[in-house]
**Student:** 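To start, I am sharing the structure in question, which I have written as structure tokens.
Please read all numbers here as calculations on a predicted model, not as lab measurements. Counting starts at 1 for both ligands and their atoms, following the listed order. Along the sequence shown, residues are numbered consecutively beginning with 1.
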Amino acid sequence: AADAVESLVRSKPDAVLGLATGSSPLRVYDELVRRHRESGLSFARARAFMLDEYVGLAAGHPQRYRNVIEEEFAGRVDFAAGAVQGPDGNAVDLPGACAAYEAAIVGAGGVDLQLLGIGTDGHIAFNEPGSSLASRTRIKTLTAQTREDNARFFDDDIEQVPQHCLTQGLATIMSAGHLVLLATGKGKAEAVHQLVEGPVSALWPATIMQMHPHATVLVDDAAASRLQLAGYYRQTYLSKP
Ligand code: GLP
């Protein structure tokens, strides 16, 4: 994943990156920070758009995604001030903020490379099961499962996890040039199976990625453990022309 980001940014210094929160991309961010420090990989001309944001977390809340991304990645490399944007979960006019966010992405020329994780229920960004496959940035209600999964970031207290979020829609994500999804651990095995091999369905929102012309799914053995055609994928990878 870091190789994909690096080769994009080196060939197109003003590239537009799509950044994901959650634990899955953390090692990618660490690796990009290392390359920034040790081999001069620069994000000085790049811009970035985040996938999603909780609604109603105070500006200084450590779990506000804008703060998380600053801490985990943006603040550790050399993005210019204001180059990293996220949907504004504290806007008075939330639908207006969503429309403005869509316009900002289009105005930047679109996302070149979008990093993604996946929820155990198959969500990408915060597009929960049932999300329209044609959706754009909007407000969503988090499922009990997602709030439970994310409670570990809120003192293991589900009550502290917000009920609502703003999220790029599935069509917004599908507009990016290259999708790079990361998944590790057994808890993601069913979602990865559905994503790669299941029928395209709003019930497993990540399945829309099957319609994308350039999608990369990076998994460890545990996350790959339910893939029906794993042997074929390994063979394909090993004998790649
Ligand atoms: C959250 C985020 C998603 C992320 C998912 C999985 O719900 N909104 O973008 O993919 O969590 O998180 P993790 O990578 O921590 O398993």
**Student:** Which pairs of nitrogen or oxygen atoms, taken one from ligand 1 and one from the protein, are under 3.5 angstrom apart?
**Tutor:**
residue: ligand 1; atom: 7 (O); partner: His123; partner atom: NE2; Å: 2.8
residue: ligand 1; atom: 8 (N); partner: Asp52; partner atom: OD2; Å: 2.7
residue: ligand 1; atom: 8 (N); partner: Ala125; partner atom: O; Å: 3.4
residue: ligand 1; atom: 10 (O); partner: Ile118; partner atom: N; Å: 3.3
residue: ligand 1; atom: 14 (O); partner: Ser23; partner atom: N; Å: 3.2
residue: ligand 1; atom: 14 (O); partner: Ser24; partner atom: N; Å: 2.9
residue: ligand 1; atom: 14 (O); partner: Ser24; partner atom: OG; Å: 2.5
residue: ligand 1; atom: 15 (O); partner: Ser23; partner atom: N; Å: 2.7
residue: ligand 1; atom: 15 (O); partner: Ser23; partner atom: OG; Å: 2.6
residue: ligand 1; atom: 15 (O); partner: Arg152; partner atom: NH2; Å: 2.9
residue: ligand 1; atom: 16 (O); partner: Lys188; partner atom: NZ; Å: 2.6

**Student:** Kindly say whether the aromatic ring centers of His36 and Phe79 come within a distance under 6.0 Å.
**Tutor:**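 His36 vs Phe79: aromatic centres not under 6.0 Å.
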**Student:** Between Leu142 and Tyr54, is any pair of side-chain heavy atoms under 4.5 Å apart?
**Tutor:**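 In contact.
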**Student:** For Gln145, does the CD atom sit with more than 12 other heavy atoms under 6.0 Å from it, leaving out its own atoms?
**Tutor:**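 Yes, because the 6.0 Å sphere around CD of Gln145 holds more than 12 heavy atoms from other groups.
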**Student:** I'd like to check the ring-ring contact (aromatic ring centres under 6.0 Å, His included) partners of Tyr101; sequence neighbours left out, ordered by chain and number.
**Tutor:**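 Applying ring-ring contact (aromatic ring centres under 6.0 Å, His included) to Tyr101 gives Phe49.
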**Student:** Are Leu218 and Val180 side-chain neighbours, meaning at least one heavy-atom pair lies under 4.5 Å?
**Tutor:**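 Leu218 vs Val180: side chains touch.
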**Student:** Are there more than 12 heavy atoms of other residues, nucleotides or ligands under 6.0 Å from atom CZ of Arg27?
**Tutor:**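 No, because the 6.0 Å sphere around CZ of Arg27 holds 12 heavy atoms or fewer from other groups.
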